[in-house]
Amino acid sequence: MMDLKETPAPAGEKDVFKSFELALAVKSNDPVNGEYHRLVLEAPEYLLARCQAGQFFHLLCPTANGETPYLRRPMSIYGFYPQKGELHFLYKLAGAGTRALASLTQGDRLNVLGPLGVPFTIEDGWQNLVLVARGVGLATLAPLALEARRLGRKMTAICSARHPDYLMSVDYFRELGADVITLTDAEGTSGVDNLERVIEELIAGGRADAFYTCGSNRILKLLQTIGARHGLPGQIALEQQMACGIGMCHCCVRTFQRGDKLLQLRVCREGPVFDMMEAVAW
Amino acid sequence: MVDLSVAIGDLRLKNPIMPASGTFSEELAEVFDLERLGAHVTKTITRDWRDGNTLPRVCEVNGSMLNSIGIPSKGVGSFLEKVVPFYQRYATPLVVSISGNTEEEFATLCREVSVDGVDAIEVNISCPNIEEDGKAFAIRPSSTHKVMRALRAATDLPLWAKLTPNTGETSEVASAAEEGGADALVVANTILSMAIDIQTRKPKLGNLMGGLSGPSLKPIALRMAYQCARATKIPVIGCGGIATAEDVIEYLIAGASAVQVGTATFIHPTAMVTIIDELEAYLQAQGLSSVRDLIGTIVDDGQDEAVVFMEAAP
């Protein structure tokens, strides 16, 4: 029982619940380059209609290569397309969970739980958005870029990676009308000093009303410094090891500074998207 | 139609499936209809604010998990103001789980949560008793009896004592809880465990050790539920490693009157609903009219000595 069977939501439930546990069929699961894979799942319209940029799904990884990951693995949404009926994830092979995900082939079913968590918001006054991320972190910002285009906002995407070959989603951001700035370790352009210079130029040119980032401690610290210097807001999507993903277990807390108080907040529930200025660097 | 209802003392449950404390919260209402459950059991609270333990608070082991969350709590005020009213929208009985580090603190909290809308109090006596040597109340019969007496004097609501597997005196502790005034026993909490990362040689939990839960706990908790059902006359609520209707049936046969589902909800948030449906289907297929027909039906031919042997085993 409770294996990867079809679990359609009963009539009526679709309107009441925010998150669903569903076994979705795999449409494709292909390497994007040496390190990353893109997983495309077939998803019902009511599920996709609930997804928002910055939210995540909690994936029940299959048994593969003699490994059975016990807990679910949280993964941010890379794309959701109600018209195509597709839910996309971009992942990097890292441990037992992602190795098991990589074993999925077309027609297999993957049990997903979601959508979960607090999404990014784009406030009315934020006309010029600056997206800053490194490596697979860009996956989390991809649906935000789509939403920004829908709202007609101007966007600059600063994409950082070890090597130009590993720059993710650059073409995708360009297609959405973003100005793309690429920084790589190989070219010696990804250092904090250079990133700061690039962002200061954007601010000087009136092209930065708000920042969006995820993942990197180094980038967070820099954006907090710049944000404080110019009084600019921002949001960050954070990661943390999770068990339940819903808010029951309190294992995924991180520390945040609100006023003069330090708070422990659950990344799965009060996040994963937080006020960039409140996040405490780790 | 089969009858899934069971009685825990005077409290009638529409079915024997309820969540284990710490693996359930209001947020789950966003995934399924909480009215389906036999009871609602809240995460353990303490009287005062607690931050919880150092991270990592959870790690997985083969087919199960370890946790040392550390009972982060917003305190009793916030609980009475926000959590109790949330559950009052449901007809399902509300069971409140509490903990304290001293008898007095425990009893005070027990009195404070004895309010309208609360149907029973689960007392987590698996927590450390700092007045003695830091060992959990439920490790020894004497400390179990003493704390249960104090709790009994503090409330008229049904008291469910949650026992720990970290004891060598299961039957004696169960009897002590019964004599101290428990109306039911929840058997059991997690068992103390640890895991080490062989690359870093560091413990996998920030708190060094933590409680094992999930399928690998089941045979241990099932044995305890059986022992407790034999040792006492009060209802036993089985808890430990339940993930399927078959697991529930096993606990009922061992003598449990109801069960709690914990870690399985982390893997499948809708696990409890699936289990209720499958339990009903099983009873129908077996031609049983009531789930109560399963309780305590183990065919053990009264082998008392086996129990004695287990208690004596190292």
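Within every chain, numbering begins at 1; the chains are lettered A, B, ... in the order of the sequence lines, protein sequences first and strands thereafter.
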>> Given heavy-atom pairs under 4.5 angstrom as the criterion, report whether the side chain, backbone, both or neither of B:Pro72 touches chain A.
In response: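 Side chain only.
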> Is it the side chain or the backbone of B:Ile267 that comes within 4.5 Å of chain A heavy atoms, both, or neither?
Replying inline: both
> Is A:Arg38 atom CZ crowded by more than 12 heavy atoms from other residues, nucleotides or ligands, each under 6.0 Å away?
Replying inline: no
>> Can you confirm whether more than 12 heavy atoms, excluding those of B:Asp277, are under 6.0 Å from its CG atom?
In response: yes
Do [X] and [Y] make a side-chain contact, defined as non-hydrogen atoms from C-beta onward lying under 4.5 Å apart?
X: A:Arg266; Y: B:Glu27; result: yes
X: B:Pro269; Y: A:Arg72; result: yes
X: B:Thr263; Y: A:Tyr70; result: yes

> Within the distance-only criterion (no hydrogens, no angle test), does the side chain of B:Glu30 pair as donor or acceptor with the backbone N or O of A:Ser19 below 3.5 angstrom?
Replying inline: no
> Hey, what do you get for CG (B:Asp33) to CZ (A:Phe17), rounding to the nearest 0.5 Å?
Replying inline: 5.5 Å
>> I need the B:Leu55 CG to A:Trp282 CH2 distance, nearest 0.5 Å.
In response: 13.5 Å
> So which residues of residues 240-256 of chain A are in contact with chain B at a heavy-atom cut-off of under 4.5 Å?
Replying inline: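 Interface residues of residues 240-256 of chain A: A:Gln240, A:Gln241, A:Ala243, A:Cys244, A:Ile246, A:Gly247, A:Met248, A:Cys249, A:His250, A:Cys251, A:Val253.
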> Are B:His268 and A:Leu60 close enough, and set up right, to give a side chain to side chain contact (heavy atoms under 4.5 Å, CB included), and what steps lead you there?
Replying inline: CA-CA 9 Å; B:His268 293 282; A:Leu60 189 64; 3.6 Å; yes
